[in-house]
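What follows is a short report on a single structure.
Owing to the predicted nature of the structure, the values given are computational and were not obtained by experimental measurement.
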Amino acid sequence: MNSRLKKTVFLFILGVFLLGMSSKKTASGKLVFTGNEPFSFFILKCDDGQKFKLKGLRNELLQLQGRRVEIVYSETDAKELLPVVQVIQVTPE
């Protein structure tokens, strides 16, 4: 492999890695289960007053409802009253 191709591949991999890292964010607050079935969902109420509607990891969120948690999430393009985020990881505080 020539030097130029190696540099190009390296820069491509680095760019993909950095894009993946920048799209993940963290937030912490109280986990609240709200609504009536079949329209129930989770909300994270942060200390600064911000609220997020949570998608994903439903079984893990059910076990932690009512507790303070920290989530790792990625943003979605969903248009609702609250910002909708995809939960990647959740840990109790």
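- Residue A27 comes nearest to L44 through the heavy atom pair CB-CD2, 3.9 Å, listed as atom of the first residue, atom of the second, then distance.
- Between T91 and Q89, the closest heavy-atom pair is CG2-NE2, 3.9 Å.
- When all heavy atoms are compared, the tightest approach of V87 to G56 is CB-O, 4.3 Å.
- For the atom pair E60 CD and F42 CZ, the distance stands at 10.0 Å (nearest 0.5 Å).
- Contact check for V32 versus Q65: no side-chain heavy atoms found under the 4.5 Å cut-off.
- Transitive grouping of hydrophobic side chains (ILVMFWY, heavy atoms separated by less than 4.5 Å) brings V85 and L57 into a common cluster.
- Between I88 and K24, some side-chain heavy-atom pair lies under the 4.5 Å cut-off.
- Between L54 atom CG and F33 atom CZ the span is 11.5 Å, to the nearest 0.5 Å.
- Using a 4.5 Å cut-off between side-chain heavy atoms of Ile, Leu, Val, Met, Phe, Trp and Tyr, with links allowed through other members, I71 and L82 fall into different hydrophobic clusters.
- Looking at R68 and S28, their side chains come closer than 4.5 Å, going by heavy atoms from C-beta outward.
- Atom CD1 of residue I43 and atom CZ of residue F52 lie 12.0 Å apart, to the nearest 0.5 angstrom.
- Put simply, the side chain of S40 never gets that close to the backbone of T34: no donor and acceptor are under 3.5 Å apart.
- For the atom pair CD (Q86) and CD (E75), the distance works out to 12.5 Å, reported to the nearest 0.5 Å.
- We find the CG-NZ distance between L64 and K30 to be 13.0 Å, quoted to the nearest 0.5 Å.
- Atoms CD and CG, from Q63 and L61 in turn, are 9.5 Å apart once rounded to the nearest 0.5 Å.
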